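So that the names make sense, note that chain A is the first sequence line, chain B the second, and so on, each numbered from 1. Computed from a prediction, not measured in an experiment: that's the story for all the values here.
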There are 2 protein chains.
Amino acid sequence: MSDQTVPDTARFAQQLKKGVLEMLVLRLLSEHPSHGYELIQRLRKQSGGLLDLKEGTLYPILYRLEDDGCITSAWKNTEPGKQRPTPRKVYTVTPQGQQMLIRQMETWRAFATCVEEFCKEETP
Amino acid sequence: MSDQTVPDTARFAQQLKKGVLEMLVLRLLSEHPSHGYELIQRLRKQSGGLLDLKEGTLYPILYRLEDDGCITSAWKNTEPGKQRPTPRKVYTVTPQGQQMLIRQMETWRAFATCVEEFCKEETP
DNA sequence: AACATATACTTAGCAAAACTAAATATATAC
DNA sequence: GTATATATTTAGTTTTGCTAAGTATATGTT
């Protein structure tokens with residue numbers, strides 16, 4: 001009997017995100033720059049609730065991408081005509097990050113197609 | 001300057017496999033039982049070389065699946081009319097494993113569809 | 001006979017990434 | 001005053017794929 005605190009489908013779904021979240025963050029930022037908290041909301045909305053990241057998941061991804069030179073950050077404490085309650089760190093994709101995104105999307109497509117091949121085969 | 005022993009595309013591709021390998025192994029075994037070494041070959045062949053697992057990757061997956069009751073194993077030292085060089089451990093999917101496979105394929109499909117949505121959008 | 005290769009399973013230890021959980025801080029609503 | 005929404009940070013855990021090495025037998029090559 002397994003000490004199943006987490007149902008196995010949740011554990012599986014968690015593993016599927018490995019690597020992909022980085023690609024999706026890069027993808028969203030390539031549409032337009034955002035700060036961390038906003039990215040969490042955009043991910044939740046555009047995924048229909050399937051991707052509901054906690055801060056502890058998203059921010060380390062951003063730090064990694066910045067360390068790798070894929071994005072840059074800039075503090076935006078104020079906005080013209082409106083004082084922000086809390087300081088925001090706005091992230092923008094670099095050309096290097098754009099290249100990375102393209103490579104990752106190609107890699108993803110090839111991988112997903114491969115997996116689909118396995119799944120669709122029915123024993124004749 | 002990063003100590004890039006592994007190119008970032010390889011690192012990304014490695015992460016994409018997380019969880020999926022377990023599903024694919026279950027999928028292959030649901031077609032017909034196999035032993036470990038044969039599974040490595042079937043994965044390599046059916047993926048067009050994209051999935052080329054080392055033993056140290058595959059066998060722990062099999063042990064996990066067996067611990068979880070998704071597959072059973074049986075030693076097959078001899079074959080009718082032909083002596084095998086080395087003993088083989090043949091794995092078979094259990095009804096529980098079959099259920100798990102179905103759930104995982106559904107989860108995969110939903111996730112992959114979601115990711116495709118992100119990738120296909122072009123800035124208008 | 002010595003050696004390499006293909007077969008076949010096992011296992012120890014490492015790296016990467018998502019997770020939980022908590023801490024910090026400000027503005028607004030009740 | 002307390003709760004809630006906003007917003008960032010970080011420590012520690014778990015899962016999983018990876019490298020690398022070890023064990024063992026049969027077959028082919030020199």
J.: Under the salt bridge (charged side-chain N to carboxylate O under 4.0 Å, His left out) test, which residues partner A:Glu106, sequence neighbours left out?
T.: none
J.: Quick check on DNA chain D: between A:Ile40 and A:Gln15, whose nearest nucleotide comes earlier from the 5' end?
T.: A:Ile40
J.: Rounding to an integer number of Å, can you tell me how far A:Phe12 CZ sits from D:dT16 P?
T.: 10 Å
J.: In whole angstrom, what separates B:Glu22's CD from D:dT14's C1'?
T.: 14 Å
J.: Show every salt bridge (charged side-chain N to carboxylate O under 4.0 Å, His left out) that has at least one partner inside residues 34-51 of chain B, sequence neighbours left out.
T.: B:Glu31-B:Arg42, B:Arg44-B:Asp52
J.: Just to verify, which of B:His35, B:Glu66, B:Arg88, B:Lys89 counts as forming a side-chain hydrogen bond (donor to acceptor under 3.5 Å, both in side chains) with B:Ser73?
T.: B:Glu66
J.: Can you identify which nucleotide, out of D:dT9, C:dT10, C:dT7, has its nearest atom closest to the A:Trp75 side chain?
T.: D:dT9
J.: Could you state the NZ-C1' distance from A:Lys89 to C:dT26, rounded to the nearest angstrom?
T.: 18 Å
J.: Evaluate the side-chain proximity of A:Leu26 to A:Tyr91: yes if any heavy-atom separation is below 4.5 Å, no if none is.
T.: no
J.: Can you tell me if the side-chain N/O atoms of B:Lys17 get under 4.0 Å from OP1 or OP2 in D:dC18?
T.: yes
J.: Taking the side chain as every heavy atom from C-beta outward, state whether B:Leu51 and B:Leu21 have any pair of such atoms under 4.5 Å apart.
T.: yes
J.: Please confirm whether the shortest side-chain N or O distance from B:Arg11 to OP1 or OP2 of D:dC18 is below 4.0 Å.
T.: no
J.: Tell me yes or no: between the side chains of B:Gln15 and A:Glu22, is some donor less than 3.5 Å from an acceptor?
T.: no
J.: Are B:Val90 and B:Tyr37 connected into the same hydrophobic cluster when the rule is that any two of I, L, V, M, F, W, Y join if their side-chain heavy atoms are below 4.5 Å apart?
T.: no
J.: My understanding is that only residues two or more places apart in sequence, or in another chain, count here; which of them pass side-chain hydrogen bond (donor to acceptor under 3.5 Å, both in side chains) with A:Glu55?
T.: none
J.: Answer yes or no: does a side-chain N or O of A:Tyr63 lie under 4.0 Å from OP1 or OP2 of D:dT9?
T.: yes
J.: Side-chain N or O of B:Arg88 less than 4.0 angstrom from OP1 or OP2 on C:dC9?
T.: no
J.: Rounded to the nearest Å, what distance is computed from the CG atom of residue A:Leu16 to the C1' atom of nucleotide C:dA16?
T.: 16 Å
J.: Any residue in residues 96-106 of chain A with a heavy atom nearer than 4.0 angstrom to DNA chain D? Just list them by number, or reply none.
T.: none
J.: Going by the rule salt bridge (charged side-chain N to carboxylate O under 4.0 Å, His left out), which residues pair with A:Glu116 if we only count those two or more places apart in sequence or in a different chain?
T.: B:Arg109
J.: Taking B:Val25 as the fixed residue, which of B:Leu65, B:Val20, B:Leu101, B:Val93 is the one that meets the side chain to side chain contact (heavy atoms under 4.5 Å, CB included) rule?
T.: B:Leu65
J.: Specify the residues of residues 44-56 of chain A, ordered by number, for which at least one heavy atom lies under 4.0 angstrom from an atom of DNA chain D.
T.: A:Glu55, A:Gly56
J.: May I have the distance from B:Ile61 (atom CD1) to C:dT11 (atom P), rounded to whole angstrom?
T.: 16 Å
J.: Can you measure A:Leu43 atom CG to D:dA7 atom C1' for me and round it to whole angstrom units?
T.: 16 Å
J.: Is there a side-chain polar atom (N or O) of A:Tyr59 under 4.0 Å from OP1 or OP2 of D:dT9?
T.: no
J.: What is the distance from NZ of B:Lys18 to P of C:dA16, rounded to the nearest Å?
T.: 10 Å
J.: Can you check the B:His35 NE2 to C:dT10 P distance for me, whole Å?
T.: 12 Å
J.: Between A:Leu21 and B:Tyr37, who's closer to the 5' end of DNA chain C by nearest nucleotide?
T.: B:Tyr37
